[in-house]
Amino acid sequence: MDIREPGRGWLLRLVIAFTFAQAAVSMARPAVSYRALALGADARAVGVIAGVYALLPLFAAVPLGRRTDHGRCAPLLPVGVALIATGCALSGRAGSLVEMAVWSGVMGLGHLSFVIGAQSLVARQSAPEDQDRNFGHFTIGASLGQLIGPVAAGLVVSEHADALARTSAAALFGSAAVAAFAVTSLWCVEHRAPAKGPRPSSADGARPGRVSVGGILRTRGVASGIFISLAVLSATDILTAYLPVVGEQRSIAPAVIGLLLSLRAAATVACRLVMTPMIRLMGRTALMATSCLGAGLLCAALALPLPAWALGLLLAALGFCLGVGQPLSMTTVVQAAPDGAGSTALALRLTGNRLGQVAAPASAGLLAGLAGTAAPFVMLGVLLLLSAGVALRPARHGAPPEAPGRRTEPSAEPRPAERRTGPG
């Protein structure tokens, strides 16, 4: 086996940094919703503010991916941390809904910068046969952050309306401090010496600028991976943004809402710890389709007027199902991409994510205004059921063809399409 770096200490440090960065964002997102409510926002306005979080990243993702294909990944990480901390802190000082939306966008841009750099590092420094495992471990950092952040926000934010503005601001200032801790483990995460042998990202002598965005998207496997990732992330995002609104309407305390969101994240961590054996048992295609199907049904069930304990059971099962889509869609996209365009393909995947984060909350806000706060969960259920059908398309239509320039030398290594369909 071709070892691409000495040990996996870099991956552990990256997971720790991602945990802090994601914890800051996960603490800030519900705090932003509560602060918006304190400033007079309704469910529709909360959806718009949640959508603006993804608006700036929607336009920045592909240029950042191109830049990463041509150069190093690590410089994006501290830049992302700085933008996250700035967006969190200034959201806490905002006195209007327009300011809340602007600084929410800055926070989203920082998160995007960090994630593009980090995902590109994992793709570039992992052997193809290790990518499912390493992306799974990497996304554990996101799940741990999503577990810690909402609990912290729920403990800080007061359920009393007269203190909501003050305590939600305190939670946002705290999230800025949490983000700053991410820089403490961002040392020696990138190995500058290129690895030998084929790999799915740049730095192998290819010129990624020659691969058009349309060419990447037309490569079989890329578009389906992007759509699945969009659906899964939209579900996670709307849950984070709208569960506080549901809690307000059903008289569930912010601390309980924080615990429920963290329970969902803990189940996602558990899923990713056992994902490799599940892939061996079911194969990647069947696992992705089954998890999206289960998540869709569970999301639709959240529309029912359930007590807090039943919400907890549903969210635990939902979190386990949602744990599959993100890491496997990363592997699918990066292995399907043409040579020298791995980071750009990952950036396109993140662009799809952010498009979903703009469109899904805005649509959810419109539905919530027309049909109540249960309607967004039905919408998520439909979206996830569609993604289950998309996940099955490679199985129905056959394995995708090799991307141009993929096989540069004779090798016994399996083709990317074979790697995507699971073990054996």
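Because the structure is predicted, anything quoted here is derived from the model rather than measured.
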N/O donor to acceptor pairs below 3.5 angstrom from side-chain atoms of residues 105-113, sequence neighbours left out:
| residue | atom | partner | partner atom | Å |
| --- | --- | --- | --- | --- |
| His111 | ND1 | Arg354 | NH2 | 3.0 |
| His111 | NE2 | Gln22 | OE1 | 2.8 |
| Ser113 | OG | Leu109 | O | 3.0 |

For residues 296-310, tabulate all N or O donor-acceptor pairs below 3.5 Å that involve a side-chain atom, not counting sequence neighbours.
none

Just list the side-chain donor-acceptor pairs under 3.5 Å for residues 253-260, sequence neighbours left out, or say none.
none

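The shortest distance between side-chain heavy atoms of Phe114 and Val81 falls below 4.5 Å. Side chains of Leu186 and Arg13 form no contact here, defined as non-hydrogen atoms less than 4.5 Å apart.
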Apply side chain to side chain contact (heavy atoms under 4.5 Å, CB included) to residues Leu318 and Leu315 and explain how you reach the verdict.
CA-CA 5 Å; Leu318 178 59; Leu315 285 168; 4.3 Å; yes
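In this structure, Arg284 and Thr332 approach most closely via the heavy-atom pair CD-OG1, 3.9 Å. Between Ala182 and Ala21 the shortest heavy-atom distance is CB-N, 4.1 Å. Between Leu39 and Ala94, the closest heavy-atom pair is CD1-O, 4.3 Å.
Residue pairs meeting the side-chain hydrogen bond (donor to acceptor under 3.5 Å, both in side chains) criterion with at least one partner in residues 257-266, sequence neighbours excluded, are Gln146-Arg264, Arg264-Thr268. Listed by first then second residue, pairs satisfying side-chain hydrogen bond (donor to acceptor under 3.5 Å, both in side chains) with a partner in residues 312-327 read Ser229-Gln326, Gln326-Arg349, not counting sequence neighbours.
Take Thr86 and apply the side-chain contact (heavy atoms from CB on, under 4.5 Å) test, not counting sequence neighbours, and it matches Leu90. Residues passing the ring pair (Phe, Tyr, Trp, His ring centres under 6.0 Å) test with Phe135: none are found, sequence neighbours excluded. Under the side-chain contact (heavy atoms from CB on, under 4.5 Å) criterion, Ala101 pairs with Ile49, Val52, sequence neighbours left out. Applying the side-chain contact (heavy atoms from CB on, under 4.5 Å) rule to Pro63 yields no partners; only residues at least two apart in sequence or on another chain are considered. Listed by chain and number, the residues in a ring pair (Phe, Tyr, Trp, His ring centres under 6.0 Å) with Phe181 are Phe20 (sequence neighbours excluded). Take Ser91 and apply the side-chain hydrogen bond (donor to acceptor under 3.5 Å, both in side chains) test, not counting sequence neighbours, and it matches no residue. Arg272 meets the side-chain hydrogen bond (donor to acceptor under 3.5 Å, both in side chains) test with Thr139, Ser143; sequence neighbours excluded.
In this structure, the side chain of Thr236 engages the main chain of Val232 through a donor-acceptor pair within 3.5 Å. Under the 3.5 Å distance criterion, the side-chain polar atoms of Ser387 are matched with a main-chain donor or acceptor of Leu384. Within the 3.5 Å criterion, the main-chain N or O of Ala17 finds a donor-acceptor partner in the side chain of Ser185.
Atom CE of Met275 is separated from atom CZ of Arg280 by 11.5 Å, given to the nearest 0.5 angstrom. A distance of 8.0 Å separates OG in Ser291 from CE in Met278, rounded to the nearest 0.5 Å.
More than 12 heavy atoms of other residues, nucleotides or ligands sit less than 6.0 Å from atom CZ of Arg250.
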